[in-house]
Amino acid sequence: MNKKDLSIPFNAPLHPQDTELQTYGCRANNPDICGNNGLPNICAFSSGDCICKKPSRAWKKQYSKLKG
């Protein structure tokens with residue numbers, strides 16, 4: 001999958017693989033400045049499962065809001 005397909009808007013509806021600790025794809029507003037960008041098996045762009053395992057600190061709150 002390419003980078004454009006994995007760039008998910010922060011406010012987009014939840015994906016079935018989203019949890020409060022991970023996101024499907026990247027929900028960072030600017031992935032290029034993310035400290036985890038490109039890290040194998042941590043960054044969605046560098047993981048076979050397309051899961052970001054270290055979303056921003058704001059994600060937990062956003063997940064609750066979207067889930068609610």
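Computed from heavy atoms alone, side chains included, the values below leave out hydrogens, waters and symmetry copies.
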(message) I'd like to check the salt bridge (Lys or Arg N to Asp or Glu O under 4.0 Å) partners of K61; sequence neighbours left out, ordered by chain and number.
(response) none

(message) Hydrophobic clustering (ILVMFWY, side-chain heavy atoms < 4.5 Å, transitive) - are I51 and L6 grouped together?
(response) yes

(message) To the nearest 0.5 Å, what is the distance between CG on N37 and CG on N30?
(response) 9.0 Å

(request) May I ask you to decide if C43's main-chain N or O and N36's side chain share a donor-acceptor pair within less than 3.5 Å? (result) no

Result block: side-chain N/O donor-acceptor pairs under 3.5 angstrom for residues 20-27, not counting sequence neighbours:
residue: Q22; atom: NE2; partner: Q17; partner atom: O; Å: 3.1
residue: T23; atom: OG1; partner: G25; partner atom: O; Å: 2.9
residue: R27; atom: NH1; partner: P9; partner atom: O; Å: 3.2
residue: R27; atom: NH1; partner: F10; partner atom: O; Å: 3.3
residue: R27; atom: NH1; partner: A12; partner atom: O; Å: 2.9
residue: R27; atom: NH2; partner: P13; partner atom: O; Å: 3.0
residue: R27; atom: NH2; partner: D18; partner atom: OD2; Å: 3.0

(message) Return the OG1 to NZ distance between T19 and K67, rounded to the nearest 0.5 Å.
(response) 9.5 Å

(message) Give me each pair satisfying salt bridge (Lys or Arg N to Asp or Glu O under 4.0 Å) with a member in residues 30-39, each pair once, sequence neighbours excluded.
(response) K3-D32

(message) If I take atom OG from residue S56 and atom CG from residue N29, how far apart are they, to the nearest 0.5 angstrom?
(response) 7.5 Å

(message) Can you pull out every salt bridge (Lys or Arg N to Asp or Glu O under 4.0 Å) where at least one residue sits in residues 51-60? Sequence neighbours excluded, please.
(response) D49-K53

(request) Would you name the heavy atoms of S46 and G38 that are closest together and state the gap between them? (result) OG-O, 3.1 Å

(message) Other members of the hydrophobic cluster containing I33, with the 4.5 Å side-chain heavy-atom rule, please.
(response) none

(request) Check which hydrophobic residues are tied to I42 through side-chain heavy-atom contacts below 4.5 Å, counting indirect links as well, and list them. (result) L39

